[in-house]
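Heads up: the structure comes next, in structure tokens.
Both backbone and side-chain heavy atoms feed into the values below; hydrogens, waters and symmetry mates do not.
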Amino acid sequence: MSFTIQVRMKKPGRQMSHLTSPTPFVLPEKPETLRELLLGLTELGVRDYNARKDEGQLLPFLTKEEIADQAVCGKVTFGVRGGEDADPGKAAENTIQCFEDGIYRVFAGEKELTGLDDRIPWTEGLVFTLIRLTMLSG
């Protein structure tokens, strides 16, 4: 049995004021705690990355439109990846460590989930929001 959740991901900044559409993610089962949710999303991300990491563009150049589109996101790339597969165990450890270090916050609807063992307050149409906090320097 699988379970679909809706997730919205954000970074603070100019785009923070405009709401992004939730993205559906299909998990193998309904998570009951924040830890289960984060590890399920991490597993999906690793699986997706490893499946597409060797895909890239056939032409070794970018159009002006592609450069402009990617520049909005803050990173311009040819899309060529290659290399080693992502390690699911290390990714899971990193996900948990980043949460514990305050790199990102998680909201279930309007309620912030602050502990990894917090129970998810399931309601009809629940949308999760993950906000990645930006570290300032200098």
Side-chain angles (χ1 to χ4, degrees):
M1 181 174 107
S2 62
F3 188 78
T4 302
I5 62 168
Q6 300 290 323
V7 179
R8 196 181 274 137
M9 293 181 230
K10 297 182 178 185
K11 292 186 292 187
R14 282 181 277 194
Q15 69 270 28
M16 189 68 166
S17 61
H18 121 254
L19 290 175
T20 58
S21 298
T23 302
F25 288 89
V26 179
L27 299 173
E29 58 189 36
K30 182 178 180 179
E32 295 300 325
T33 64
L34 177 58
R35 181 186 311 271
E36 291 173 7
L37 173 70
L38 295 176
L39 293 177
L41 290 172
T42 300
E43 182 181 330
L44 288 177
V46 167
R47 193 175 324 138
D48 181 53
Y49 172 83
N50 288 341
R52 66 179 163 76
K53 73 175 183 59
D54 291 323
E55 296 174 7
Q57 293 182 346
L58 295 176
L59 301 175
F61 65 89
L62 298 173
T63 65
K64 288 181 183 181
E65 293 80 17
E66 290 171 318
I67 291 171
D69 288 345
Q70 290 185 32
V72 169
C73 296
K75 181 178 179 182
V76 178
T77 176
F78 285 108
V80 178
R81 290 177 174 81
E84 301 273 327
D85 279 356
D87 180 305
K90 287 182 182 176
E93 287 175 23
N94 190 47
T95 295
I96 299 301
Q97 187 65 56
C98 286
F99 180 79
E100 289 174 339
D101 290 347
I103 304 297
Y104 62 94
R105 291 186 166 169
V106 180
F107 292 82
E110 299 293 319
K111 180 183 183 334
E112 182 174 7
L113 302 176
T114 58
L116 289 168
D117 296 317
D118 285 358
R119 307 240 357 125
I120 296 173
W122 288 107
T123 58
E124 183 75 26
L126 180 64
V127 175
F128 293 94
T129 303
L130 279 68
I131 301 176
R132 185 177 81 186
L133 304 175
T134 306
M135 298 299 153
L136 301 176
S137 65

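- Closest of all the heavy-atom pairs between Leu126 and Gly109 is CD1-N, 3.3 Å.
- Between Trp122 and Pro31, the closest heavy-atom pair is NE1-O, 3.0 Å.
- Side-chain contact between Thr4 and Val26 is present, with heavy atoms from C-beta onward closer than 4.5 Å.
- Across Met9 and Phe25, no two heavy atoms sit closer than the pair CE-CZ, 3.5 Å.
- The CZ atom of Arg8 sits 10.0 Å away from the CD1 atom of Ile131 when rounded to the nearest 0.5 Å.
- Note: the hydrophobic cluster containing Leu34 also contains Leu41 (ILVMFWY, side chain heavy atoms under 4.5 Å, direct or indirect links).
- Rounding to the nearest 0.5 angstrom, the gap separating the OH atom in Tyr104 from the CZ atom in Arg132 is 12.0 Å.
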Do Leu116 and Glu100 pass the side chain to side chain contact (heavy atoms under 4.5 Å, CB included) test, and can you show the C-alpha distance, the side-chain angles, and the key distance before you say yes or no?
-> CA-CA 8 Å; Leu116 289 168; Glu100 289 174 339; 3.6 Å; yes
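- Here the CD-OG1 distance, from Gln6 to Thr23, works out to 7.5 Å after rounding to the nearest 0.5 Å.
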Start with the C-alpha gap between Arg119 and Glu32, add the side-chain angles, then the distance that decides, and say whether side chain to side chain contact (heavy atoms under 4.5 Å, CB included) holds.
-> CA-CA 6 Å; Arg119 307 240 357 125; Glu32 295 300 325; 3.4 Å; yes
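- Between Val106 and Phe99, the shortest heavy-atom contact is CG2-CE1, 4.2 Å.
- Proximity of a side-chain donor or acceptor of Asp101 to a complementary backbone N or O of Ile103 within less than 3.5 Å is not detected.
- Smallest separation of non-hydrogen atoms from Leu39 and Ala92: CD2-CB, 3.6 Å.
- Transitive grouping of hydrophobic side chains (ILVMFWY, heavy atoms separated by less than 4.5 Å) keeps Leu38 and Val127 in distinct clusters.
- The distance from atom OG1 of Thr114 to atom CZ of Arg105, rounded to the nearest 0.5 Å, is 9.5 Å.
- Closest non-hydrogen pair, Ala108 versus Leu113, comes out as CB-CD1, 4.0 Å.
- Side-chain contact between Glu36 and Leu27 is absent, with no heavy-atom pair separated by less than 4.5 Å.
- Heavy-atom neighbours of Arg35 CZ from other residues, nucleotides or ligands within 6.0 Å: above the threshold of 12.
- At a threshold of 4.5 Å between side-chain heavy atoms, the hydrophobic network of Ile, Leu, Val, Met, Phe, Trp and Tyr places Ile96 and Ile120 in one connected group.
- Side chain of Asp48 to backbone of Leu44: no donor-acceptor contact under 3.5 angstrom is found.
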